[in-house]
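In what follows, a single structure is set out as structure tokens and then discussed.
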Amino acid sequence: MTATKSTYNKEDIWELISEVTDPEIPVLTIVDLGIARDVKYEDSTFVIRITPTYSGCPAMQAIEKEIEKKLRLNGIDNFEIKTDFSETWTTDWMTEDAKKRLKEYGIAPPGKTEKVDDFLKSLDSSGDHIPCPYCDSSNTELQSEFGSTACKAQYYCNDCDEPFEHFKCI
């Protein structure tokens, strides 16, 4: 069945894709992360625009497949997923609710980004005291600039003795 605009509208499509979770952080959806940017209806096709968190993000292919699966399960075949690099994704696109759920999941959420001209310097969090997501202590220390994924750093809390990851501000 080909979905028509009278069958579905872009709000319906937006609602369906808002159920697609990030494969690396399953408590967040692609809408929470700001990866899903727009849905349009053009020439009898729903066009879904997504922006990767970074150009080499290995999760993007899985995300596209999950969007496709979600739409096809709902009888929607006339869609196109466009990966858009015209804007650079930033952690500022994450919703506040997403940051709260990250913390509840045990990952220290990113704060607001600061404009830094040197991208590599912006990833350096060695001087930051990231609050522990378990006990809120700032008595923490960086263990590694990289955690289970490139977008996270590994920290240790000296008060509750728990290791944790921090989602870097990008």
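Heavy atoms only: backbone and side chains are in, while hydrogens, waters and symmetry mates are out.
In this structure, the separation between OH on Y155 and OG1 on T140 is 6.5 Å, given to the nearest 0.5 Å. Distance check, rounded to the nearest 0.5 Å: CZ of R72 to NZ of K65 gives 11.5 Å. In this structure, the separation between NZ on K82 and CD1 on I50 is 12.5 Å, given to the nearest 0.5 Å. The CG atom of D159 sits 4.5 Å away from atom CG of N139, with the distance rounded to the nearest 0.5 Å. In this structure, CD on E141 lies 4.5 Å from CG on N158, to the nearest 0.5 angstrom. From L28, atom CG reaches atom OG1 of T21 across 9.0 Å, with rounding to the nearest 0.5 Å.
No more than 12 heavy atoms of other residues, nucleotides or ligands shown are found within 6.0 angstrom of CD on Q61. Within 6.0 Å of the CD atom in E15, the count of heavy atoms belonging to other residues, nucleotides or ligands does not exceed 12. Applying the 6.0 Å contact sphere to CG of D43 captures no more than 12 heavy atoms from other residues, nucleotides or ligands.
Of all heavy-atom pairs spanning I17 and A36, the tightest one is CD1-CB, 4.0 Å. The two residues T95 and A98 come nearest to each other via the heavy atoms OG1-N, 2.9 Å. Annotation for K70 and N74: closest pair O-ND2, 2.8 Å, computed over non-hydrogen atoms. Between P58 and Y54, the shortest heavy-atom distance links the atoms CD-OH, 3.5 Å. Summarising the geometry of P131 relative to A108, their closest heavy-atom pair is O-CB, 3.7 Å, with the distance given to 0.1 Å. Closest non-hydrogen pair, Q154 versus P163, comes out as NE2-CB, 3.7 Å.
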Pair T53-I170, side-chain contact (heavy atoms from CB on, under 4.5 Å): steps then yes or no: CA-CA 9 Å; T53 55; I170 299 174; over 6 Å; no

Pair I25-E165, side-chain contact (heavy atoms from CB on, under 4.5 Å): steps then yes or no: CA-CA 12 Å; I25 308 170; E165 289 187 308; over 6 Å; no

Worked verdict on I76 versus D12 for side-chain contact (heavy atoms from CB on, under 4.5 Å): CA-CA 11 Å; I76 302 164; D12 296 325; over 6 Å; no

Pair F46-L71, side-chain contact (heavy atoms from CB on, under 4.5 Å): steps then yes or no: CA-CA 10 Å; F46 289 103; L71 295 177; over 6 Å; no

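Taking the side chain as every heavy atom from C-beta outward, P133 and I107 never approach each other to under 4.5 Å. Contact of the C57 side chain with the T149 side chain is not registered, since no non-hydrogen atoms from C-beta on lie closer than 4.5 Å. Between K99 and T91 the shortest side-chain heavy-atom distance does not fall below 4.5 Å. Using a 4.5 Å heavy-atom cutoff, the side chains of K103 and D136 are in contact. When side chains are defined from C-beta on, S148 does not count as touching E24, because their heavy atoms never get closer than 4.5 Å. The closest side-chain heavy-atom distance from T29 to E19 is not below 4.5 Å. Within the 4.5 Å cutoff, the side chain of I30 has heavy atoms near those of the I67 side chain. Side-chain contact between I13 and Y41 is absent, with no heavy-atom pair separated by less than 4.5 Å.
Counting only distance, with no hydrogens or angles, the side chain of K168 and the backbone of E145 share a donor-acceptor pair below 3.5 Å. A distance-only check finds no donor-acceptor pair linking the side chain of T51 to the backbone of W89 [under 3.5 Å].
Hydrophobic clustering (side-chain heavy atoms under 4.5 Å, transitive across Ile, Leu, Val, Met, Phe, Trp, Tyr) groups Y105 together with I35. Residues V20 and V27 fall within the same hydrophobic cluster, defined by Ile, Leu, Val, Met, Phe, Trp and Tyr side chains chained together at heavy-atom separations under 4.5 Å. A continuous path of Ile, Leu, Val, Met, Phe, Trp and Tyr side chains, each step under 4.5 Å between heavy atoms, connects F164 with L142, placing both in one hydrophobic cluster. In the hydrophobic clustering of this structure, W14 groups with M94; members are Ile, Leu, Val, Met, Phe, Trp, Tyr whose side-chain heavy atoms approach within less than 4.5 Å, directly or through other members. Put simply, V47 and L16 are part of two different groups of oily side chains (I, L, V, M, F, W, Y) that touch within less than 4.5 Å, one to the next.
Using modelled atom types, one finds a donor on one side chain and an acceptor on the other under 3.5 Å when comparing E64 with T83. D84 and S86 share a side-chain donor-acceptor pair at under 3.5 Å.
A salt bridge links R101 with D32: the closest approach of a Lys/Arg side-chain nitrogen to an acidic carboxylate oxygen falls below 4.0 angstrom.
Because its NZ or CZ atom is both nearer than 6.0 Å to the ring centre of W93 and within 45° of the ring axis, R37 counts as a cation-pi partner of that residue.
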